[in-house]
Each structure stands twice: as C-alpha cells, then as structure tokens.
Enquirer: 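Quick one: structure below, then a few questions.
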Amino acid sequence: MAAQPKPVQLRLPVPLKRTFFERNPQRVARELLGKVLVRQSRGLLLAARIVEVEAYLGVKDPAAHAAVGRTPRNSVLFGPPGYAYVYFIYGNHYCLNVSCEREGKAGCVLFRALEPLIGLEEMAQARGVVVHGPGDLPRLTSGPGRLSDAFGITRSRDNGCDLTSPDSALWIGHDGFRSSAILVTPRIGITKAAKEPLRYVLAGNAFVSGRKTLPRFAQPRSARTKN
DNA sequence: ATATCGATTATCT
DNA sequence: GATAATCGATATG
C-alpha cells in the first residue's frame, strides 16, 4: 500500500500591516506571539516563530530606552510604527525591537525568543554552535542576543528596517498559526519597573528563554569535601 | 576626556 | 547561583 503523501501545511507568511503595530505595546506584544520573523538576504532564507516578547511602554516606562527622551540611539522608537529598533548591549549582543504606537509616541516590543522553522543549519552556523540533538535547538534562538545572532541582526544592517515590507531583508508575517495559551510574567533582566507583568510567552513552548527550560546544571555537589 | 552602566550570555561551581 | 567579558551610548567635568 503506497504511503499517502503527507499534506503540506506550510502557509507562506503574509506581511503584517502597519496598523497592526500602531497600537499600545501590550496589545502588539500579545498578538505578535505566533507570528513569523523572516530574514531574506543574498539568497539566505530564515524563518522562525515568535514565542516570547516584552512590551516597553515609552517615555513613562522607567525600564524603556525611550525613558531618557529622544536620542540618536533610540530615535526609531519615536518614529512611525513597524520599524526595527536594534541596540547593542553588554559589549556583545544585539537586541531586536519593533516600534509601536503612532508616530511621535515611543512604545516598542522586544523579541526575546523564537522557534526556528526554516534555515536551522544556517542559524547554527551563525551562532557558532553544533546541534547534536533536539535538546540543543533552543541554543539557536532562545534569548534576545541569541536570536539576533542566529539571524545576523546588527544595528548597522537592520536598525530602522521596515518590518512590514516583504521587500525588507527582515520582516514579520502571519502564517495562520493560532496561539493557544499565553503566559504573562514580569520582564527579565531589568532593575527599574521590574515587577510589571509585560513579558508574554507561548505557554509550554520549549524555546522560551529563562532558567526554567534550560538549567543544564542540576549536578549534585560531589566530593567537595576538603581543600 | 573620562567614568558609568546596561532589555545578555557563557562558563564555572 | 555567581561572575567575567566587552563596548557604545550617555552623562558629567
């Protein structure tokens, strides 16, 4: 009996409209879960599902870069919605955000983790890691610095990029995915406004960042008896 | 001109 | 759980 070909259920992502981003960051963050981030450049194609984001509320939010007012670094945040704000942090890492709210108002959403869909090998190469099994996959795109690394995102290449245009080297699309349960928690890695529930994750997704899913150090304290 | 500080990650215990 | 690494942006003198 010939095997039935498995029906292809890959829907090509359709770019999100600018009006999607022209709303408050909480709303955009929540609805961004399950959408697809696409990288297209020089024959490279990468795609990954958005599974963890954080909302930053603009000038009134002490944890937001916009809190200091408009500067050369954060000016994208004060521009129109749907554009990439990329910043460099801790001397090592880039982080990707998308601007929200109408022009002149500075909300944004930070991308914290993705689930790889297309181009896993290229992501591993960009990250400089070897994937031995499924357990290694989160190392590709779990964490804001890692996902930027996997996608080759830098400030010089991508800051100010229009994320609503499929002609951009980086854009966001919708492929019909319906997200199920969404978890809301405090944001990670900040000291100001550290308790506000503004982090949104797809519940139970293996690619969400944080110690819960990637501890890797449950070693018993062996023979540390003397010194 | 110089000091401070991160929306992080890897690595060690 | 703790800490070093690393550098651009920003604030201050």
Side-chain angles (χ1 to χ4, degrees), chain A residues 24-26 28-30 32-33 37 50-78 83-101 106-114 123-124 126-132 135-160 184-201 207-227:
Chain A
N24 70 61
Q26 297 98 314
V28 175
R30 182 180 285 271
L32 226 30
L33 292 176
L37 181 68
I50 300 164
V51 302
E52 175 184 355
V53 292
E54 282 175 0
Y56 286 84
L57 306 187
V59 293
K60 322 177 309 292
D61 179 358
H65 288 183
V68 296
R70 187 174 195 153
T71 68
R73 177 206 200 195
N74 67 19
S75 67
V76 171
L77 296 178
F78 293 82
Y83 289 83
Y85 168 51
V86 180
Y87 64 87
F88 185 63
I89 189 72
Y90 294 122
N92 284 315
H93 310 289
Y94 291 96
C95 294
L96 173 67
N97 303 252
V98 58
S99 60
C100 303
E101 305 276 18
C108 69
V109 172
L110 168 70
F111 293 75
R112 288 199 55 92
L114 309 172
M123 294 183 202
R127 288 269 301 122
V129 303
V130 180
V131 176
H132 290 104
D136 292 334
L137 290 178
R139 300 224 90 99
L140 298 181
T141 51
S142 185
R146 290 178 182 151
L147 73 86
S148 297
D149 213 8
F151 271 63
I153 292 167
T154 67
R155 182 169 168 90
S156 59
R157 284 183 70 187
D158 300 302
N159 190 55
V184 185
T185 80
R187 295 175 291 188
I188 290 182
I190 56 172
T191 55
K192 303 164 198 162
K195 308 191 103 162
E196 301 302 315
L198 292 171
R199 172 175 175 255
Y200 300 78
V201 309
F207 292 85
V208 168
S209 77
R211 312 258 158 118
K212 278 276 171 44
T213 47
L214 306 159
R216 275 309 57 107
F217 282 118
Q219 303 289 342
R221 168 157 295 252
S222 55
R224 178 75 202 125
T225 48
K226 56 184 277 196
N227 55 356

Enquirer: Only Watson-Crick and G-U wobble pairs, only distances under 3.5 Å, only runs of 3 or more: what stems does that leave for DNA chain C?
Expert: B:1-6 with C:7-12, B:8-12 with C:1-5

Enquirer: So, taking the atom named CG in A:Leu137 and the one named CE in A:Met123, what distance separates them when rounded to the nearest 0.5 Å?
Expert: 10.0 Å

Enquirer: Expressed in angstrom and rounded to an integer, what is the separation of A:Arg127 atom CZ from B:dT8 atom C1'?
Expert: 11 Å

Enquirer: Does B:dA10 have OP1 or OP2 under 4.0 Å away from a side-chain N or O of A:Arg146?
Expert: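 Answer yes for this pair, as a side-chain N or O of A:Arg146 is under 4.0 Å from OP1 or OP2.
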
Enquirer: Going by side chain to side chain donor-acceptor pair (under 3.5 Å), name the residues that satisfy it together with A:Ser75, two or more places apart in sequence or in a different chain.
Expert: none

Enquirer: Among residues at least two apart in sequence or on other chains, which ones pass ring-ring contact (aromatic ring centres under 6.0 Å, His included) with A:Tyr85?
Expert: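 Result, ring-ring contact (aromatic ring centres under 6.0 Å, His included) vs A:Tyr85: A:His65, A:Tyr87.
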
Enquirer: The criterion is side chain to side chain donor-acceptor pair (under 3.5 Å); which residues satisfy it with A:Asn97, sequence neighbours excluded?
Expert: none

Enquirer: What residues, two or more places apart in sequence or in another chain, satisfy side chain to side chain donor-acceptor pair (under 3.5 Å) together with A:Arg127?
Expert: A:Asp149

Enquirer: Not counting sequence neighbours, list each pair that qualifies as a side chain to side chain donor-acceptor pair (under 3.5 Å) and has a residue in residues 184-200 of chain A.
Expert: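 For residues 184-200 of chain A: A:Glu52-A:Arg199, A:Asp61-A:Arg187, A:Thr185-A:Arg199.
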
Enquirer: Partners of A:Leu147 by side-chain contact (heavy atoms from CB on, under 4.5 Å), sequence neighbours excluded?
Expert: A:Phe111, A:Leu114, A:Thr141

Enquirer: Can you measure A:His93 atom NE2 to B:dG6 atom P for me and round it to whole angstrom units?
Expert: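 That distance rounds to 16 Å.
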
Enquirer: What is the per-nucleotide protein-contact pattern of nucleotides 7-13 of chain C, from the 5' end, where B denotes a base atom under 4.0 Å from a protein heavy atom, S denotes such proximity for sugar-phosphate atoms only, and - denotes neither?
Expert: BSSS---

Enquirer: Looking at A:Arg139, does any N or O in its side chain come under 4.0 Å of the phosphate oxygens OP1/OP2 on B:dT11?
Expert: no

Enquirer: Would you indicate which nucleotide in B:dG6, B:dA7, B:dA10 comes nearest to any side-chain atom of A:Thr191?
Expert: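 Of all the options, the side chain of A:Thr191 is nearest to B:dG6.
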
Enquirer: Listed by chain and number, what are the side chain to side chain donor-acceptor pair (under 3.5 Å) partners of A:Asn159, not counting sequence neighbours?
Expert: none

